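To start, the structure under review is shown below, and the notes come after it.
All figures in this text were calculated on a predicted structure; none of them were measured in a lab.
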Amino acid sequence: MRLVMNEPVERMDRPYARRWWALLVLCLSLLIIVMANTALTVAAPDMTQDLGLSSADLQWVIDGYTVPYAALMLLLGAIGDKYSRRGALVLGLVVFGGGAIAGSLVDSSTGVIAARAVMGVGAALIMPATLSLLAATFPRAERAKAITLWTATAGLAIAAGPLVAGALLQHHGWSSTFLINVPIACVAIIGTFVLVPPSRAAHHNRIDYVGGLLSVVWIGSLVYMIIEGPHFGWGVKAVTAAVAAGVGLVLFIGWELRHPRPVLDVRRFAHRRFAGSNLAVALFFLAVFGAFYYLTQHLQFVLGYDALDTGVRMLPLAGAVFVGSALTGYLTPRIGMKITVTAGMVGGTAALALLTRVDAASSYGDFVLPLVILGLAIGLALSPCTDAIMGAFPESELGVGGAVNDTSLELGGSLGIAILGSVLAGSYSSHLSDATTGSKLPASALSQAQDSVGAGYAVAQGIGDKARQLGEQAAQAGNTEQAAQLKAQSDQLAHGARQMADAVGSAFADSVAHTSLVGAVVLGVGTVLVGVLLPRKEAAVREVAEEQEQERKQEEELVDSEAR
């Protein structure tokens, strides 16, 4: 047996024998790039304290990864198709690992943001490469099952990120959450050379770099606007990004419609199955990332779980994703994609609706059922959608197909954190103001507490610390009257600290319920739209046949053009 797998998958006359082992490597590569975001939500408090991050710094530490990740996927997916999908995966892992090493060594907000941006570039190479290699390596009869496992891995990574980060933070600093990616990336690189066969498009004309660069402009500007506007206000930066995104999108569509070999044939969005699948992926991750954003905060700040305990308590979501994925492999061939995906989205809407019951008295037990339902919904809805998106692209554009799926996912996730995060912040601020009415809390302290739930508890802790200091002074006072006055002030402040902590917890719980209602409405409306867009089983079969015929003609045209 050769140590390095050098036979291209396109030259094999039968399915690759070790394709399931290759899938394991692809899933491992996927795991670390999804965990890179979810783990950071748990490491953020330690990082904030150690580096003295402002709320704006922390936001860009998180989203510095997202902008290059989303913006570059389409262009890099096309480059991988032409030159080497396996090469793109390996290069992505190297860049990602290098960024992780840099992130563990820096000691400033600027350094961490830059390291995260480098990791985002690596992720933009890795993500479409995993899907394109999967699609190229597996025969069509097995592709749906392989994509099911790929999707289940993404669901596992969402929950595993906080668990791994929590375990590391028990004994190590936040930099360990960066370094843990390095050995995994090394294992994935070795596994890629040993188990994953090289692949590239058999016929591929010159890359449409103009279209690719326009996609970078409009997607990058759109993601930047989504981050900047809701979190930092609609100033010059956000408005400029919005204009750039709009103009870039118009130019991109116009160019792609006229180009003979576009980086992305936008006419595909006229097909109901393709358009509905992309919409479903975007909406689902809007709900999932948004819910994950505020649920991890509630578990840590309001219910008081540490990082590891928070990760453990997200595991029902991961287990349910695997169950849902197994169900979709059984249900989709029998009842059709439309019913399976719609059922999954209804389940996601129901999970968010259950979270509207959260209040100050809620315990972890109140979150278990919504987490399980949300996990089942992810498994049911996403695998058929990803399979449909990948099936719409010819062999020469599998990297682009993976990039389209992943861009929908990333745009949805960014929108989820931006929209639901903004609703959460506004609702929390309003509820806290109402809860502290008449408390004689200084306006500056209230403003600080309204910044975030963590800041609110910090204000309560500061009041409690002041109460303890006065109590110590009272114990040491030589004058009985002075001691009594200090003791009375201490008791009053201690009572105020408890009231403040209760008000923060109650305000955040109410904001979770309100934000969940908004999320449920958005996903519910989206469910109706997706249900209308997706064709019935018989129509879907015809549409797939038409797509395959179109793919065959495109391949023939490519062969003819290269022969000339």
Side-chain angles (χ1 to χ4, degrees), residues 1-9 16 18-40 65 68-69 72-73 76-77 79-80 83-104 115-116 118-138 146-147 149-161 163-165 168 176-200 318 398-399 402-403 405-406 409-410:
M1 183 184 297
R2 288 174 297 183
L3 183 60
V4 177
M5 179 63 203
N6 284 325
E7 184 182 2
V9 69
Y16 174 50
R18 293 190 290 172
R19 57 193 179 278
W20 296 104
W21 287 104
L23 178 63
L24 180 63
V25 175
L26 300 179
C27 287
L28 184 64
S29 304
L30 171 68
L31 188 73
I32 59 171
I33 62 173
V34 177
M35 282 177 53
N37 253 356
T38 57
L40 194 65
Y65 180 83
Y69 180 18
L72 292 170
M73 273 193 287
L76 295 181
I79 291 173
Y83 295 106
S84 174
R85 293 161 182 152
R86 188 174 75 169
L89 176 58
V90 171
L91 178 60
L93 289 166
V94 170
V95 172
F96 187 87
I101 293 172
S104 70
R116 289 273 297 168
V118 171
M119 293 173 70
V121 174
L125 282 160
I126 295 168
M127 192 74 154
T130 60
L131 262 181
S132 61
L133 284 166
L134 181 156
T137 304
F138 282 84
I147 286 176
L149 293 173
W150 184 91
T151 304
T153 301
L156 172 65
I158 291 173
L163 179 62
V164 173
L168 290 170
S176 63
T177 61
F178 281 80
L179 281 177
I180 190 62
N181 294 301
V182 178
I184 301 174
C186 290
V187 170
I189 290 170
I190 295 169
T192 299
F193 281 118
V194 174
L195 295 169
V196 179
S199 171
R200 65 175 183 172
L398 291 177
N405 179 84
D406 302 333
L409 183 156
E410 199 61 30

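For the pair Tyr69/Ile33, a side-chain contact is recorded, criterion being any heavy-atom separation below 4.5 Å from C-beta on. Ile147 is listed as a side-chain neighbour of Thr151, based on a closest heavy-atom distance under 4.5 Å. The side-chain heavy atoms of Leu149 and Trp20, taken from C-beta on, include a pair separated by under 4.5 Å. Put simply, the side chain of Met5 does not reach to within 4.5 Å of the side chain of Leu195, judged on heavy atoms. In this structure, Ile180 and Ile32 have side chains that are not in contact, with every pair of non-hydrogen atoms separated by 4.5 Å or more. Side-chain atoms of Ile184 and Leu31, non-hydrogen and from C-beta on, never get closer than 4.5 Å to each other. With contacts defined as side-chain heavy-atom distances shorter than 4.5 Å, the pair Leu131/Leu398 does not qualify.
Between the side chain of Arg86 and the backbone N or O of Val196 there is at least one donor-acceptor pair closer than 3.5 Å. Side-chain atoms of Arg116 come within 3.5 Å of backbone N or O of Ala36 as a donor-acceptor pair. Under the 3.5 Å distance criterion, the side-chain polar atoms of Asn181 are matched with a main-chain donor or acceptor of Phe178.
Leu179 approaches Pro183 most closely through the heavy-atom pair O-CD, 3.1 Å. Nearest heavy-atom pair, Thr137 versus Arg19, reported as atom, atom and distance to 0.1 Å: CG2-CB, 3.7 Å. In plain terms, the two heavy atoms of Leu134 and Ala146 that are nearest each other are CD1-O, 3.8 Å. Summarising the geometry of Leu30 relative to Met127, their closest heavy-atom pair is CD1-SD, 3.3 Å, with the distance given to 0.1 Å. Closest non-hydrogen pair, Ser29 versus Thr130, comes out as CB-CG2, 4.1 Å. Across every non-hydrogen atom of Val118 and Gly99, the tightest pair is CG1-CA, 3.8 Å.
The OH atom of Tyr65 lies 6.0 Å from the CE atom of Met119; values are rounded to the nearest 0.5 Å. In this structure, CZ on Phe138 lies 10.0 Å from OH on Tyr16, to the nearest 0.5 angstrom. Atom CG in Leu163 sits 9.5 Å away from atom CG in Leu156 (nearest 0.5 Å).
In this structure, a donor-acceptor pair under 3.5 Å is present between the side chains of Ser199 and Arg85.
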Practice task
Kindly indicate, with the supporting measurements, whether the criterion side-chain contact (heavy atoms from CB on, under 4.5 Å) is fulfilled by Leu26 and Leu89.
Solution key: CA-CA 9 Å; Leu26 300 179; Leu89 176 58; 3.8 Å; yes

